[in-house]
Amino acid sequence: HHQLRLSVPAPGLWKVHINILKPAEEYHFALSGKTSTTLIAAVGGDPAERTVGVPVPIYGVLTDLAPIAGANVTALITGPGVYGQPGLEQVSGSALLQLFDDGAHGDGKPDDGLYANTLNGVSAPGGYSVKLAAEGTNNAGEPFVRYAFAGFNVLRRVAYVWEDDL
């Protein structure tokens with residue numbers, strides 16, 4: 001793990017060169033900068049009640065100095081039970097879920113910057129990752145692309161039978 005912080009970066013185009021010292025199956029790289037246009041990813045519902053088959057609300061909050069409406073927000077969801085879900089586009093073993101800010105998908109009021117949709121019928125317990133991508137024009141008229149990440153766990157369904165119940 002390596003981290004570099006620049007307190008006053010020079011404006012302009014930057015290039016990043018990564019020198020891999022040890023081969024590995026997977027590498028992660030993240031680069032971020034301060035901006036007023038932000039995307040926050042969240043997962044709704046009570047984690048203790050998130051079991052197989054329970055719908056999972058997926059949220060994205062998109063703002064700058066005010067809510068940003070009219071963006072294209074998509075969730076890439078990976079996990080053991082998202083495969084073959086109706087209404088989801090399958091991509092390399094994961095599923096794409098379109099999020100909406102229309103007031104009809106668990107997202108509050110239309111055009112309030114809260115984008116949402118529901119992942120239905122998760123078929124297996126385990127860990128899931130949610131990667132949001134948002135593209136649009138902010139309130140200053142500037143085009144943007146933003147990414148955000150979240151995760152959740154789905155528990156096994158269990159039934160408890162107490163001795164007194166027998």
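- Residues satisfying the ring pair (Phe, Tyr, Trp, His ring centres under 6.0 Å) test with Phe100, not counting sequence neighbours, are His105.
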Residues Asn139, Leu65; criterion side-chain contact (heavy atoms from CB on, under 4.5 Å); working and verdict | CA-CA 8 Å; Asn139 291 306; Leu65 300 176; over 6 Å; no

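- Cluster membership check: Val54 does not share its hydrophobic cluster with Ile58, using side-chain heavy-atom separations under 4.5 Å among Ile, Leu, Val, Met, Phe, Trp and Tyr.
- Of the listed residues (Asn153, Leu155, Val52), just one forms a side chain to side chain contact (heavy atoms under 4.5 Å, CB included) with Pro125, and that residue is Val52.
- Looking at Thr74 and Leu132, their side chains never come closer than 4.5 Å, going by heavy atoms from C-beta outward.
- Minimum heavy-atom separation, Ala134 to Val73: CB-CG2, 3.8 Å.
- Using a 4.5 Å heavy-atom cutoff, the side chains of Val43 and Arg50 are in contact.
- The distance from atom CD1 of Ile68 to atom CG of Leu39, rounded to the nearest 0.5 Å, is 9.0 Å.
- Asp101 places a side-chain N or O within 3.5 Å of a backbone atom of Gly113 that can act as its donor or acceptor partner.
- The shortest non-hydrogen separation linking Ala116 to Gly106 is CB-O, 3.6 Å.
- Val16 has its side chain out of reach of Trp14: every pair of non-hydrogen atoms, C-beta onward, lies at least 4.5 Å apart.
- Residues forming a side chain to side chain donor-acceptor pair (under 3.5 Å) with Asn72 (at least two apart in sequence, or on another chain): Gln98.
- With sequence neighbours excluded, the residues forming a side chain to side chain donor-acceptor pair (under 3.5 Å) with Thr38 are Thr63, listed by chain and number.
- Between Pro80 and Gly126, the shortest heavy-atom contact is CG-CA, 4.1 Å.
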Please list, one pair per line, the donor and acceptor atoms closer than 3.5 Å that link side chains of residues 142-149 to other protein atoms, with sequence neighbours excluded.
unit_1	atom_1	unit_2	atom_2	d
Glu142	OE1	Asn138	ND2	2.9
Arg146	NE	Thr37	O	2.8
Arg146	NH2	Thr35	OG1	3.1

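- Between atom CG of residue Leu62 and atom CG of residue Leu99 there is a gap of 10.5 Å, rounded to the nearest 0.5 Å.
- Residue pairs meeting the side chain to side chain donor-acceptor pair (under 3.5 Å) criterion with at least one partner in residues 125-137, sequence neighbours excluded, are Thr78-Ser129.
- Within the hydrophobic cluster formed by Ile, Leu, Val, Met, Phe, Trp and Tyr side chains joined at under 4.5 Å, directly or through other members, Ile40 is accompanied by Tyr59, Val61, Leu114.
- The shortest distance between side-chain heavy atoms of Leu119 and Val82 falls below 4.5 Å.
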